[in-house]
Amino acid sequence: MPAQQSGAIEPVPVRRSGAAAALGSVIRRLRQPLPGAQPRLRFEMPPEYSQQDEAGDDDSTLTPPQFGQPGPRISPQHPLYLGFMGTVGVGLALLVYWIGSNTTQLLLWIVAALFIALGLDPVVGWLEGRKIPRPAGILVSVTVLVTAVVGFFATLIPTIVEQVTQLVEQAPVWVRDFIDSDFFRSVDGQFGVRDRIEDELNKFVNNPEAMGGIFGGVVGFGSTVANGLFGTLIVLVLSLYFLAALPAMKKWGYRLAPRSRRPRVEALSEEITRSVGNYVIGQACVALLNATFAFVVMSILGIPFAVLLAFVVALLAFIPLVGGMIAAIVVLLVSLTEGWQTAAIFAICYFAYLQFEAYFISPRIMQKAVAVPGAVAVISVIAGGSLLGILGALIAIPTAAAILLLLKEIYIVRQDKH
């Protein structure tokens, strides 16, 4: 019996080993390149060369340049060099100005995408520190961002459609009640308002330019919405590419500086990008807490459209200094529809929270981010908003922090040595 049992059990491992071998063979065949296939070309960083390489030292371990050693440079004091480089410089400046003036929208999209990529990079780095591959971390971060954007529009669009529908349904009732009121009858008896209104309506309907203006306004609004959706898609795609290529972009940027100054350039650049990333993450946390508190208070007080207003509060909270005040005004205007008592209670609770946020929440969250004096922050936000709108207000404080850091580490240090 034991021999029969062992004989019955023996073929099973043989089958399993055979299946595993067949699967391994299939995997090896799939991993082999197709006949005649070539690897995809990549734009790689050229190697660094030392002075020994340029002098032709045999002890160097690096390979010589592919296209030969560069020849001696022309003297900067040569008249031909000065005239040519001056002309090229003026031409390049005019070319950059022409390109910038004709691609303003694209440049704004690039700046917004780069700002988002720098903000998501600390999250991706944190996930990499938890043994999560960078592509997976990028996918998670971008998915969360896209979900937030889609959630905002999914809440905004139905609310707008519902409100417009209610307005269209109630407008005839409001007009009829107003016409039947004693006030309108008395005014119409004295000034003939009804006849004047009918005459103006007839002129407006029979005027082709006015009707064409209405049609053009509708078409313009539709094109604006389409451009906004297209711009959002472009910014998200660029953010994904920038986030994936950020280490390589930094490496290329550092190589543009002279080799003797690369360590200092790299240290300053890393500090700036770290400050921008921490600022975006910190501001996102502050905005989330702000919107959560506002939503809880609005739900308790019964203020209409609490979810939509919470999204609006979160977006406005990204604007430093003035975003919270604008959000409070927007919510107060909506809460007045429920009575002045509701608006007063919300104002007391929300402004108390803003003070608590300014002195307890924000300093603890933003302690690893940028530190900008109050006057400089106000001026930078106003200037950024005047130049680039909401995007300028968002990037104003990180930009001011970067300028202050460069002034402190470069200009002031240089001035102290004289």
Side-chain angles (χ1 to χ4, degrees), residues 96 99-125 137-154 156 223-250 252-253 269 272-288 291 311-323 326-327 366 369-370 372 377 380-403:
V96 170
I99 294 175
S101 60
N102 288 275
T103 58
T104 304
Q105 188 64 55
L106 177 60
L107 294 177
L108 291 178
W109 289 344
I110 293 174
V111 171
L114 187 59
F115 187 71
I116 294 174
L118 291 176
L120 294 179
D121 187 62
V123 178
V124 177
I138 293 174
L139 181 61
V140 171
S141 304
V142 175
T143 301
V144 173
L145 178 63
V146 172
T147 303
V149 174
V150 171
F152 171 73
F153 283 105
L156 176 64
S223 63
T224 301
V225 173
N227 290 333
L229 294 176
F230 178 74
T232 303
L233 178 62
I234 291 297
V235 169
L236 289 176
V237 172
L238 287 178
S239 301
L240 180 62
Y241 277 106
F242 286 160
L243 194 58
L246 198 57
M249 291 169 60
K250 289 181 180 180
W252 271 96
S269 301
I272 291 174
T273 55
R274 184 193 64 82
S275 298
V276 173
N278 290 334
Y279 170 79
V280 176
I281 296 298
Q283 197 67 27
C285 295
V286 171
L288 180 62
F311 273 113
V312 173
V313 170
L315 290 178
L316 292 176
F318 271 96
I319 302 177
L321 302 177
V322 297
I326 298 175
M366 306 291 284
V370 294
V372 179
S380 61
V381 169
I382 295 175
S386 301
L387 293 174
L388 300 177
I390 297 178
L391 178 62
L394 290 176
I395 67 176
I397 290 184
T399 303
I403 295 174

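No experiment lies behind these values; they were computed from the predicted model shown.
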Measuring from [X]:[atom1] to [Y]:[atom2], what's the distance to the nearest 0.5 Å?
X	Y	atom1	atom2	value
I281	L118	CD1	CG	10.5 Å
I234	S239	CD1	OG	10.5 Å
T143	I138	OG1	CD1	11.0 Å
I99	L107	CD1	CG	9.5 Å

Looking at every heavy atom in both [X] and [Y], which two are closest together, and how far apart are they?
X	Y	result
A113	L238	CB-CB, 3.4 Å
A117	L243	O-CD1, 3.4 Å
A402	I272	CB-CG2, 3.8 Å

Could you tell me if the side chain of L236 sits less than 4.5 Å from the side chain of V142, heavy atoms only?
no
Does F311 have any ring-ring contact (aromatic ring centres under 6.0 Å, His included) partners at least two apart in sequence or in another chain, and if so, which?
F152
Residue set satisfying ring-ring contact (aromatic ring centres under 6.0 Å, His included) with Y241, at least two apart, ordered chain then number -> none
Partner set under side-chain contact (heavy atoms from CB on, under 4.5 Å) for [X], not counting sequence neighbours:
X	result
A314	A291
A287	A317, F318
S141	L120, V123, V124, L127
I382	V378, S386

Write out all pairs satisfying salt bridge (Lys or Arg N to Asp or Glu O under 4.0 Å) with one or both partners inside residues 110-124, taking only residues at least two apart or from two chains.
D121-R134
Which pairs count as salt bridge (Lys or Arg N to Asp or Glu O under 4.0 Å) when at least one residue sits in residues 231-250, sequence neighbours excluded?
K250-E270
Pair up each side-chain donor or acceptor in residues 389-398 with any protein partner under 3.5 Å, not counting sequence neighbours, and list the distances.
none

May I have all residue pairs that pass side chain to side chain donor-acceptor pair (under 3.5 Å) and include part of residues 100-112, sequence neighbours excluded?
none
Carefully, step by step, assess F242 and I110 under the rule side-chain contact (heavy atoms from CB on, under 4.5 Å).
CA-CA 9 Å; F242 286 160; I110 293 174; 4.1 Å; yes
